[in-house]
**Q** 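Sharing a structure here in structure tokens format.
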Amino acid sequence: MDLAFTPEELAFREEVRGWIREHLDPALAAKVLGGLRLSKDDIQGWARTLGRQGWLAYRWPRAFGGPGWSVVQQHLFDEALAEAGAPPILPFGPVMVAPVIMAFGTPEQQRRFLPGIASGEVWWCQGYSEPGSGSDLASLRTRAERDGDHYIVNGQKTWTTLAQHADWIFCLVRTSTEGKPQTGISFLLIDMTSPGITVRPIRLLDGEYEVNEVWFDNVRVPVDNLIGEENKGWTYAKYLLSHERANIADVNRAKRELKRLKRLAQQCGVWDDLRLRDAIALLEVDIVALEMLVLRVLAAERSGKPALDIAALLKIRGSEIQQRLSELMMLVGGPLTLPYLEPALEGRWEGPYPGGDSALAPLAPRYFNLRKTTIYGGSNEVQRNIVAQTLLG
Ligand SMILES: Cc1cc2nc3c(=O)[nH]c(=O)nc-3n(C[C@H](O)[C@H](O)[C@H](O)COP(=O)(O)OP(=O)(O)OC[C@H]3O[C@@H](n4cnc5c(N)ncnc54)[C@H](O)[C@@H]3O)c2cc1C
């Protein structure tokens with residue numbers, strides 16, 4: 001196993017770093033690096049910039065309009081984005097639904113949906129979870145009944161991230177109650193402007209509006225928007241989840257946040273506290289180990305060996321690391337990490353910050369927000385079950 005990058009890969013990294021330096025607004029990067037609130041325009045504006053370069057869909061093969069990069073190039077690009085403080089690429093379009101459309105959609109669906117995802121123009125959200133159907137996803141009850149060349153959809157999705165901005169939602173719906181629950185599920189693409197859809201906000205622990213309930217009341221969806229075959233949606237749903245979980249490891253952002261943690265510790269005058277240094281060192285070891293795990297997956301893919309089936313492990317370790325980073329930042333800031341100061345989150349804090357630096361203000365909201373990482377994308381307890389079944393037998 002060779003974990004070192006080749007000279008060509010290192011040259012590629014310099015090229016993408018240079019491009020990002022030229023195109024990423026420093027004020028936007030400062031917002032990301034300082035953990036401030038990002039607007040819809042911040043996120044979508046950057047997605048469009050990447051889209052114009054053909055890099056928003058950076059994991060896609062050339063045949064579908066992607067750059068056709070190797071997995072190592074994709075990793076290096078992701079690393080360059082993270083270290084520069086680029087806004088996150090929302091996974092729902094390019095990382096989650098697009099691979100499903102490529103693998104199981106018709107050529108017509110591919111022509112219709114993929115260009116808007118690759119350009120960043122069309123915002124997608126994920127309609128899987130329902131009240132009572134999260135870990136036990138196959139029990140979902142949102143119904144889609146056939147009426148001529150349409151489905152009539154009724155039911156409710158929940159925890160739908162950023163649905164308030166979404167143009168489209170990809171949904172798991174029940175089209176049959178015969179047999180096992182998994183066999184009666186279909187995968188539908190639904191226009192969020194369809195009559196009968198209501199989006200209601202759920203406020204998270206950090207006070208932010210990030211997730212929603214989405215209600216469907218006799219929503220008419222053309223049969224043309226069905227992906228693959230009716231009642232085969234569970235297969236497509238699982239295919240999508242494996243992409244979601246690998247993405248959640250987010251090791252490159254963890255490396256960046258570790259640097260921020262060290263900076264904050266120095267700034268707050270606690271860098272010489274040996275117990276804190278010990279905790280930071282242990283965390284750093286785990287981040288390096290996670291990176292090695294990611295590189296092992298890349299090395300296996302590069303050498304044409306079967307990829308290691310460790311998406312669940314990456315999700316567990318990556319999400320725990322994100323939480324530990326935010327816990328240590330809270331410890332470093334102590335009482336100065338006052339929760340939820342609206343102007344400070346917007347970078348509009350004027351005058352002295354009570355007792356310190358307003359850079360500490362976003363730490364508490366971030367700490368509360370990141371409690372989600374061990375729940376979403378399949379909770380870590382359920383991921384541990386998957387690891388036990390697939391790796392230990
Ligand atoms: C911030 C946030 C954003 C989200 N965004 C989206 C989104 O955009 N789209 C979407 O479709 N979904 C989204 N989700 C939903 C997410 O996927 C579910 O919350 C998750 O799958 C857990 O389901 P649940 O909330 O119903 O909890 P439950 O399934 O009710 O689980 C409750 C507890 O029981 C544990 N548990 C359940 N089953 C087992 C088991 N078999 N063994 C051991 N422990 C078990 C769980 O780990 C958890 O601790 C989001 C969730 C959050 C918190």
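Both counts, for ligands and for their atoms, begin at 1 and track the order of listing.
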**Q** On a heavy-atom basis, I'd like to know which of Phe170, Tyr376, Trp159 is closest to atom 7 (C) of ligand 1.
**A** Trp159
**Q** What residues form a ring pair (Phe, Tyr, Trp, His ring centres under 6.0 Å) with Trp60, not counting sequence neighbours?
**A** none
**Q** Do any nitrogen or oxygen atoms of Ser379 come within less than 3.5 Å of a nitrogen or oxygen of ligand 1?
**A**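 For ligand 1, there is an N or O atom that lies under 3.5 Å from one belonging to Ser379.
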**Q** Please work out which of the three classes, parallel, tilted or perpendicular, describes the rings of Phe77 and Tyr58, given edges at 30° and 60°.
**A**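 Geometry flag for Phe77 against Tyr58: perpendicular rings.
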**Q** With sequence neighbours left out, what residues match Glu83 under side-chain hydrogen bond (donor to acceptor under 3.5 Å, both in side chains)?
**A** Arg17
**Q** Heavy atoms only: which of Gly132, Ala163, Ser135 lies closest to atom 27 (O) of ligand 1?
**A** Ser135
**Q** Name the option, out of Cys171, Ala166, Ser129, that contains the heavy atom nearest to atom 11 (O) of ligand 1.
**A** Ser129
**Q** Provide the number and element of each atom of ligand 1 under 4.0 Å from a heavy atom of Gly377.
**A** 17 (O)
**Q** Answer with side chain, backbone, both or neither: which part of Asn385 has a heavy atom less than 4.0 angstrom from an atom of ligand 1?
**A**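 The answer is the side chain of Asn385.
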**Q** Counting from 1, what ligand 1 atoms have a heavy atom of Tyr128 closer than 4.0 Å?
**A**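 In order of numbering, the contacting atoms are 11 (O).
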**Q** Please work out whether any backbone atom (N, CA, C, O) or any side-chain heavy atom from C-beta onward of Gln126 is under 4.0 Å from ligand 1, and answer side chain, backbone, both or neither.
**A** both
**Q** Check the orientation of Phe170 and Phe187. Use parallel for under 30°, tilted for 30 to 60°, and perpendicular for over 60°.
**A** parallel
**Q** Parallel, tilted or perpendicular: which fits the ring planes of Tyr236 and Phe104, with parallel below 30° and perpendicular above 60°?
**A**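 Geometry flag for Phe104 against Tyr236: tilted rings.
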**Q** What part of Ile375, side chain, backbone, both or neither, has a heavy atom within less than 4.0 angstrom of ligand 1?
**A** both
**Q** Would you call Lys259 and Glu284 a salt bridge, taking side-chain N to carboxylate O under 4.0 Å as the test?
**A**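 Glu284 and Lys259: not salt-bridged.
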**Q** Please determine whether a side-chain nitrogen of the Lys or Arg among Arg253 and Asp78 lies less than 4.0 Å from a carboxylate oxygen of the Asp or Glu.
**A** yes
**Q** Tell me which one of Met96, Lys372, Glu381, Glu130 gets a heavy atom nearest to atom 1 (C) of ligand 1.
**A**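 Checking each option, the heavy atom nearest atom 1 (C) of ligand 1 is found in Lys372.
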